[in-house]
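Data block below; observations after.
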Amino acid sequence: MKRTILMACAIAILVPAVNSQSQEIENVEAAEAYNLARTLFQEGKYDEATEQLLKSARLEPGNFRAHYLLGLTYKQLRQPDDAISQFEAAINFRPDYHQVYSAIGSVYLDYKSDPEKALEYYIQSGSVSEEYQRPYWQAFWNQGKILFDMQRWGEALQAYSKVAQYNP
């Protein structure tokens, strides 16, 4: 139950970030497919959203938004390997998109039971967000949570301090 609530919160945070950038898709047909997929995703119609996102990605190579949302869709469908593959494709096209790193971290944490690997991606998310002057406090929150669970108190405190710094 707790994981379901956390996953729903994560999706509520991650999807709007992609929504705000959909106007940057240049190919009109790719943008239409992406926008339809976004609506289908929000309605919980993940299989239909997948079809539209694959179409959008095919019509506009380099469309990181489609790959990112496709990763979120595969995550909802409980297909972690496909989710990771799509998130990595998004990173290849847009390595400064910090939320993708957090999304991969959540897959490793939620589906792969690998907190060490998840931590690596959360650290990368925080690092990228700071490098591009868009501090992503949730990346630091996730780092702190994992480090706390690992009883690495000093590192957890450092991560939580960044949360307070960026989101007082």
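All heavy atoms count here, side chains included; hydrogens, waters and symmetry mates do not.
Under the 3.5 Å distance criterion, the side-chain polar atoms of Y111 are matched with a main-chain donor or acceptor of K75.
Heavy atoms only, all atoms of each residue included: F87 and V100 are closest at O-CG1, 3.2 Å. The two atoms that bring P95 and Y101 nearest to each other are O-OH, 2.8 Å, heavy atoms only. Between L69 and R38, the closest heavy-atom pair is CD2-CA, 3.8 Å. Taking every heavy atom of both residues into account, A156 and G144 meet most closely at CB-O, 3.7 Å. Nearest heavy-atom pair, Y122 versus Q143, reported as atom, atom and distance to 0.1 Å: O-NE2, 2.9 Å. Here the closest non-hydrogen pair linking E130 and F140 is CD-CZ, 3.6 Å.
Its side chain within the 4.5 Å cluster rule, L36 clusters with L40 among the Ile, Leu, Val, Met, Phe, Trp and Tyr residues.
Aromatic rings of Y132 and H98 (six-membered ring for Trp) have centroids beyond the 6.0 Å cut-off, not under it.
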Given K45 and E48, is the salt bridge (charged side-chain N to carboxylate O under 4.0 Å, His left out) satisfied, shown in steps? CA-CA 6 Å; K45 298 176 181 175; E48 295 171 51; 5.2 Å; no
Could you tabulate the donor-acceptor pairs under 3.5 Å formed by side-chain atoms of residues 49-58, not counting sequence neighbours?
| residue | atom | partner | partner atom | Å |
| --- | --- | --- | --- | --- |
| T50 | OG1 | Y46 | O | 2.8 |
| S56 | OG | A30 | O | 2.9 |
| S56 | OG | N63 | ND2 | 2.9 |

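For D96, the salt bridge (charged side-chain N to carboxylate O under 4.0 Å, His left out) criterion is met by R94, R134, not counting sequence neighbours.
Contact check for P80 versus K112: side-chain heavy atoms found under the 4.5 Å cut-off.
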